[in-house]
Q: 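Can you read through this structure? Questions will come right after.
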Amino acid sequence: MALKRMDNVGIVVEDLGAAIEFFRELGLELEGRATIEGEWAGRVTGLGDQHVEIAMMRTPDGHCRLELSRFLKPAVVADHRDAPVNALGYLRVMFAVDDIDETLERLRPRGARLVGDVVRYMDAYRLCYIRGPEGLLIGLAQELG
């Protein structure tokens, strides 16, 4: 049996509404919101009794999803948002965009800030990292040519 696809990437946030609006501005579509709780959910995550608000965001092509979660119970136990790019573990998600400069202009009013510089990789891409809502590390890639 072969791997079918990557279904989604999950990010835990404090302010679900602000995160939804930021990723909407980036170009993702809100697929739905829900509250997840119950015995079955705790068995999946290993957290036991949990209560989580989630929002599922979908890329415009419909192939990828971003699951934003706000934990009500149990409380969040760690914070990796300020970790540098060379930290161990899951760190960032990268999105392909049509125009990095235009995307940065749209996202700045929602708190996005450039981490380093917008750079050119050969004649293939323009790339940058930004910090989004709550300091989340996000990559942007603009294909050239």
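Here the structure is a predicted model, which means the values were calculated and not measured.
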Q: Carefully, step by step, assess Y125 and Q142 under the rule side chain to side chain contact (heavy atoms under 4.5 Å, CB included).
A: CA-CA 5 Å; Y125 291 97; Q142 176 187 340; over 6 Å; no
Q: Return yes if some donor-acceptor pair links the side-chain N/O of R106 with the main-chain N/O of L26 below 3.5 Å, else return no.
A: yes
Q: When you group the ILVMFWY residues by side-chain heavy-atom contacts below 4.5 Å and let the links chain together, are V97 and L66 in the same group?
A: yes
Q: Do the non-hydrogen side-chain atoms of K73 and E37 ever get within less than 4.5 Å of each other?
A: no
Q: Are R131 and D82 ion-paired here, with the side-chain N under 4.0 Å from a carboxylate O?
A: no
Q: Side chain to side chain contact (heavy atoms under 4.5 Å, CB included) between I20 and F22: does it pass, once the steps are laid out?
A: CA-CA 6 Å; I20 290 169; F22 179 87; over 6 Å; no
Q: Side-chain contact test, heavy atoms from C-beta onward, threshold under 4.5 Å: evaluate it for V76 versus V12 and give yes or no.
A: yes
Q: Which atom names give the shortest non-hydrogen contact between L16 and R33, and what distance separates them?
A: CD2-NH2, 3.4 Å
Q: Verify, without hydrogens or angle tests, whether E14 (side chain) and E134 (backbone) share a donor-acceptor contact under 3.5 angstrom.
A: no
Q: When hydrophobic residues are tied together by side-chain contacts of less than 4.5 Å, even through go-betweens, does Y121 share a cluster with L144?
A: no
Q: If two hydrophobic side chains count as joined below 4.5 Å and joins carry through other members, does I36 share a cluster with L68?
A: no
Q: Where do S69 and V13 land on the side chain to side chain contact (heavy atoms under 4.5 Å, CB included) test, with the steps shown first?
A: CA-CA 6 Å; S69 302; V13 298; over 6 Å; no
Q: If every non-hydrogen atom of I130 is compared with every non-hydrogen atom of A112, which pair is closest and at what distance?
A: CD1-CB, 4.1 Å
Q: On a heavy-atom basis, which atom in A19 and which in P133 lie closest, and how many Å separate them?
A: CA-CG, 4.2 Å
Q: Verify whether one side chain among Q50 and T45 offers a donor that lies under 3.5 Å from an acceptor in the other.
A: yes
Q: Quick one, M56 and N8 - any side-chain contact, counting heavy atoms below 4.5 Å?
A: yes
Q: Is D123 paired with R120 through a side-chain N to carboxylate O contact shorter than 4.0 Å?
A: yes
Q: Identify the residue among E67, E31, R24 that makes a side-chain contact (heavy atoms from CB on, under 4.5 Å) with M57.
A: R24
Q: Looking only at heavy atoms, which two atoms of M94 and L140 are closest? And how far apart?
A: CG-N, 4.1 Å
Q: Supply the atom-to-atom distance D15 CG to E21 CD, rounded to the nearest 0.5 angstrom.
A: 10.0 Å
Q: Show your working on side chain to side chain contact (heavy atoms under 4.5 Å, CB included) between I54 and F71 and close with a plain yes or no.
A: CA-CA 9 Å; I54 68 162; F71 276 81; over 6 Å; no
Q: F95, L30: one ILVMFWY side-chain cluster at the under-4.5 Å cut-off?
A: yes
Q: Looking at R65 and E29, is any side-chain nitrogen of the basic one under 4.0 Å from a carboxylate oxygen of the acidic one?
A: no
Q: Just so I know, are the side chains of L137 and V85 near enough to count as touching, which here means a heavy-atom distance under 4.5 Å?
A: yes
Q: Heavy atoms, side chains only, cut-off 4.5 Å: are L104 and V118 in contact?
A: yes
Q: Starting from L136, can I reach I100 by hopping between I/L/V/M/F/W/Y residues whose side chains sit under 4.5 Å apart?
A: yes
Q: For D99, check salt bridge (charged side-chain N to carboxylate O under 4.0 Å, His left out) against everything at least two apart and list the hits.
A: none
